[in-house]
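Have a look at this one before I ask anything.
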Amino acid sequence: LLHTMATSHFTLLWRLGVALLAVAAALSFKPKLPAALFAYCGMLALHFGGHIYLTSSALASWSIATLIVAWLFLMQPKGEPKSSQLANIYVGLGSLAGLLVGLAVNARFMLLCLCLGAIFGFAAYCKTPAGRWLKFPGLTFIQYFCNKCLPIVITFAMIGISIEGFLVK
């Protein structure tokens, strides 16, 4: 009976963790809430369910990163224009592509490939009519890049660490 209860507990945490990571990925493309909060909670569910292993310093670091991203989200002006939402799609797709390339090549390069994917996605957005005002490369580009890309990179990094935890285990 105890084994059955423990197994169902771990299965529930696995399902919850995977669902939260999926919600985080979706929120990266259309942010209504801070996606990093969902990614962090999903990562915690997988960790406490025994499906991935994270050190206490890693958990502390990602909690600080999540709090910073949540704070930045709260500081953003409401009513984001459609062109700004388009930037999320470009950066999100670039980040996802970078994450997958990083995981396919070697998990040690995951974060580097993820950041490069975000940069390429954002540079591609700057070449569209909606993003020309950013004048790639320039100061406006850098400021807007930090505002748009940091939350997405943090979110996909936590998703990638969770995937990597499954691959290593």
Side-chain angles (χ1 to χ4, degrees), residues 16-46 52 58 61-167:
L16 178 65
V18 170
L20 286 169
L21 291 173
V23 168
L27 283 173
S28 293
F29 294 101
K30 193 155 177 80
K32 298 289 183 192
L33 296 168
L37 287 174
F38 289 88
Y40 183 70
C41 290
M43 197 168 62
L44 280 179
L46 293 173
I52 63 173
S61 299
W62 286 114
S63 67
I64 291 168
T66 301
L67 289 174
I68 290 170
V69 167
W71 180 74
L72 289 173
F73 182 84
L74 292 174
M75 294 290 110
Q76 287 183 2
K78 301 297 179 223
E80 190 175 23
K82 292 286 184 197
S83 62
S84 179
Q85 292 176 4
L86 185 61
N88 287 3
I89 294 171
Y90 275 86
V91 173
L93 289 174
S95 298
L96 181 60
L99 172 70
L100 294 175
V101 167
L103 286 172
V105 172
N106 191 331
R108 288 183 280 167
F109 298 114
M110 179 193 65
L111 192 57
L112 173 66
C113 292
L114 173 62
C115 291
L116 288 174
I119 291 168
F120 290 142
F122 197 68
Y125 167 72
C126 290
K127 299 299 180 186
T128 66
R132 289 202 202 284
W133 64 274
L134 291 168
K135 297 177 181 75
F136 172 74
L139 184 60
T140 309
F141 169 82
I142 293 170
Q143 290 172 337
Y144 200 73
F145 175 81
C146 292
N147 183 28
K148 282 290 165 190
C149 294
L150 179 65
I152 294 174
V153 167
I154 296 293
T155 299
F156 276 109
M158 287 189 276
I159 293 171
I161 286 171
S162 299
I163 294 170
E164 180 187 357
F166 282 120
L167 297 176

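Note that the coordinates shown come from a computational prediction; the quantities given were computed from them, not determined experimentally.
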Legend entry - Side chains of Val105 and Met110 in contact at under 4.5 Å (non-hydrogen atoms):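 Result no, sub-4.5 Å side-chain heavy-atom pair not found.
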Inset, instruction - Going by the side-chain contact (heavy atoms from CB on, under 4.5 Å) test, name the single residue among Ile152, Ile119, Val153 that passes it with Val91. - result: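 Single side-chain contact (heavy atoms from CB on, under 4.5 Å) partner of Val91 among Ile152, Ile119, Val153: Ile152.
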Legend entry - Exercise: identify the closest heavy-atom pair between Ser28 and Thr155: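 In terms of heavy atoms, the two residues are closest at OG-CG2, 3.4 Å.
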Inset, instruction - Measure across Ala45 and Leu16 and return the closest heavy-atom pair with its distance rounded to 0.1 Å. - result: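 Nearest heavy atoms, Ala45 then Leu16: CB-CD2, 4.3 Å.
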Inset, instruction - Report, as yes or no, whether the 6.0 Å neighbourhood of atom CZ on Phe120 holds more than 12 heavy atoms from other residues, nucleotides or ligands. - result: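 No, because the 6.0 Å sphere around CZ of Phe120 holds 12 heavy atoms or fewer from other groups.
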Inset, instruction - Report the distance from atom SG of Cys115 to atom CG of Leu150, rounding to the nearest 0.5 Å. - result: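 That separation rounds to 9.5 Å.
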Inset, instruction - Please report the closest heavy-atom contact between Tyr40 and Ser63, naming both atoms and the distance. - result: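 Nearest heavy atoms, Tyr40 then Ser63: OH-CB, 3.3 Å.
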Inset, instruction - Identify the two heavy atoms, one from Ile159 and one from Leu21, that lie closest to each other, and give their separation to 0.1 Å. - result: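 Here Ile159 and Leu21 meet closest at CD1-O, 3.7 Å.
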Legend entry - Nearest-0.5 Å distance, SG of residue Cys113 to CG of residue Leu103: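 If we round to the nearest 0.5 Å, Cys113:SG and Leu103:CG are 9.0 Å apart.
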Inset, instruction - Heavy atoms only: give me the nearest Met158-Ala36 pair and the separation to one decimal. - result: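 Closest approach of Met158 to Ala36, heavy atoms only: CE-O, 3.4 Å.
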Inset, instruction - Taking all non-hydrogen atoms of both residues into account, name the closest pair between Ser95 and Leu114 and its distance. - result: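 Reported closest heavy-atom pair: O-CD1, 3.2 Å.
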Legend entry - Spacing of Leu33 atom CG and Phe38 atom CZ [to the nearest 0.5 Å]: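 Reported value, rounded in 0.5 Å steps: 5.0 Å.
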Inset, instruction - Calculate, to the nearest 0.5 Å, the distance between atoms CG and NZ belonging to Leu72 and Lys148 respectively. - result: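 It comes to 11.5 Å.
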Legend entry - Atom pair CD1/CD1 of Ile64 and Ile154 - distance to nearest 0.5 Å: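 That separation rounds to 11.5 Å.
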Inset, instruction - Determine, stepwise, if the pair Phe109 / Val101 fulfils side-chain contact (heavy atoms from CB on, under 4.5 Å). - result: CA-CA 9 Å; Phe109 298 114; Val101 167; over 6 Å; no
Inset, instruction - With sequence neighbours excluded, tell me which residues meet side-chain contact (heavy atoms from CB on, under 4.5 Å) with Cys41. - result: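 So Cys41 forms a side-chain contact (heavy atoms from CB on, under 4.5 Å) with Leu20.
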Inset, instruction - Check whether the side chains of Lys30 and Asn88 place a donor and an acceptor atom closer than 3.5 Å, and report yes or no. - result: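 Looking only at side-chain atoms, Asn88 and Lys30 do not form any donor-acceptor pair under 3.5 Å.
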Legend entry - Which residues share a side-chain contact (heavy atoms from CB on, under 4.5 Å) with Thr128, sequence neighbours left out: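 By the side-chain contact (heavy atoms from CB on, under 4.5 Å) rule, Thr128 matches Tyr90, Tyr125, Ala130.
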